[in-house]
Amino acid sequence: AEDRLAQQAERHSQEVQELGRELEEARDRIAQLEAERRESRKQPSEGELRWQREALRLRDELMETRRAWRSSDTRGLIKRDKELRRLGLDARAIEDQARKSD
């Protein structure tokens with residue numbers, strides 16, 4: 001009976017040690033996953049990067065349009081619009097059509 005009790009105590013001790021190792025491995029894995037999660041929060045997702053690139057592209061396009069608008073001759077544009085109206089053409093439609101072909 002004492003031998004059997006000693007064997008059970010030994011098995012119990014081994015099981016406790018094994019569970020302790022598994023617990024330590026689980027804690028290490030949790031710490032690793034937490035570190036990865038914190039790191040991934042710092043970096044933008046692919047979708048966010050795509051929107052950032054699109055925003056930068058649109059910002060650049062707006063700057064070019066503003067630069068072109070400021071450098072254009074207002075009198076010349078008014079004269080051109082009057083000539084187009086005189087010919088029965090819609091200046092805005094022509095501009096839109098020209099933009100679409102770019």
Side-chain angles (χ1 to χ4, degrees):
E2 286 182 25
D3 289 339
R4 197 176 65 180
L5 188 58
Q7 288 175 351
Q8 283 180 339
E10 180 63 29
R11 276 196 311 258
H12 178 69
S13 175
Q14 289 174 350
E15 288 175 1
V16 168
Q17 288 177 350
E18 180 63 28
L19 288 173
R21 279 193 295 275
E22 289 177 11
L23 179 60
E24 233 4 83
E25 289 173 6
R27 286 180 177 156
D28 291 343
R29 181 71 176 140
I30 287 171
Q32 178 187 3
L33 291 172
E34 283 292 323
E36 288 176 9
R37 183 176 60 90
R38 281 191 301 275
E39 187 63 31
S40 70
R41 282 184 178 172
K42 294 178 186 176
Q43 299 186 8
S45 69
E46 184 59 36
E48 290 170 329
L49 290 173
R50 196 170 34 252
W51 282 109
Q52 286 175 353
R53 285 191 300 268
E54 180 65 11
L56 292 173
R57 185 189 67 76
L58 291 172
R59 183 195 65 188
D60 294 344
E61 185 178 315
L62 177 62
M63 286 177 15
E64 288 177 29
T65 303
R66 282 182 176 167
R67 193 175 305 120
W69 176 256
R70 286 185 190 126
S71 66
S72 63
D73 177 30
T74 308
R75 290 181 192 147
L77 292 174
I78 292 171
K79 184 177 177 183
R80 181 198 62 152
D81 287 349
K82 284 182 180 179
E83 289 173 2
L84 288 172
R85 267 189 255 125
R86 204 173 320 125
L87 293 172
L89 301 173
D90 182 12
R92 185 171 303 271
I94 292 173
E95 289 172 359
D96 289 343
Q97 198 172 29
R99 279 191 208 115
K100 289 179 186 175
S101 65
D102 285 348

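Please read these numbers as outputs of a predicted model, since none were measured by experiment.
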Report task. Report the C-alpha separation of Gln8 and Arg11 in whole Å, then their side-chain angles, then the decisive distance to 0.1 Å, and conclude whether the side chain to side chain contact (heavy atoms under 4.5 Å, CB included) test is met. Result -> CA-CA 5 Å; Gln8 283 180 339; Arg11 276 196 311 258; 3.3 Å; yes

Query - Residue pair Gln7 / Arg4, side-chain donor-acceptor N/O under 3.5 Å - result: no

Interatomic spacing from [atom1] in [X] to [atom2] in [Y] - rounded to 0.5 Å:
X: Arg57; Y: Gln52; atom1: CZ; atom2: CD; value: 15.0 Å
X: Glu61; Y: Leu56; atom1: CD; atom2: CG; value: 13.0 Å
X: Leu19; Y: Glu24; atom1: CG; atom2: CD; value: 13.0 Å

Query - All side-chain hydrogen bond (donor to acceptor under 3.5 Å, both in side chains) counterparts of Arg75, not counting sequence neighbours - result: none

Query raised in the report: For Glu18, what residues pass the side-chain hydrogen bond (donor to acceptor under 3.5 Å, both in side chains) criterion, not counting sequence neighbours?
Result: Arg21

Requested in this report: Could you please spell out the steps behind the side chain to side chain contact (heavy atoms under 4.5 Å, CB included) verdict for Ile78 and Thr74?
Outcome: CA-CA 6 Å; Ile78 292 171; Thr74 308; 4.0 Å; yes

Query - Name of the residue among Arg85, Arg80, Lys79 meeting side chain to side chain contact (heavy atoms under 4.5 Å, CB included) with Lys82 - result: Arg85

Below 3.5 Å, can you tabulate the donor-acceptor pairs from side chains in residues 38-51 to any protein atom, sequence neighbours excluded?
from  : atom 1 : to    : atom 2 : distance (Å)
Ser40 : OG     : Glu36 : O      : 3.4
Ser40 : OG     : Arg37 : O      : 2.9
Ser45 : OG     : Glu48 : N      : 3.2
Glu48 : OE1    : Ser45 : N      : 2.7

**Report entry** Nearest heavy-atom neighbours spanning Ser71 and Ala68
**Finding:** OG-O, 3.1 Å

Report task. Would you sort out whether Leu87 and Glu83 count as a side chain to side chain contact (heavy atoms under 4.5 Å, CB included), showing the intermediate values? Result -> CA-CA 6 Å; Leu87 293 172; Glu83 289 173 2; 5.5 Å; no

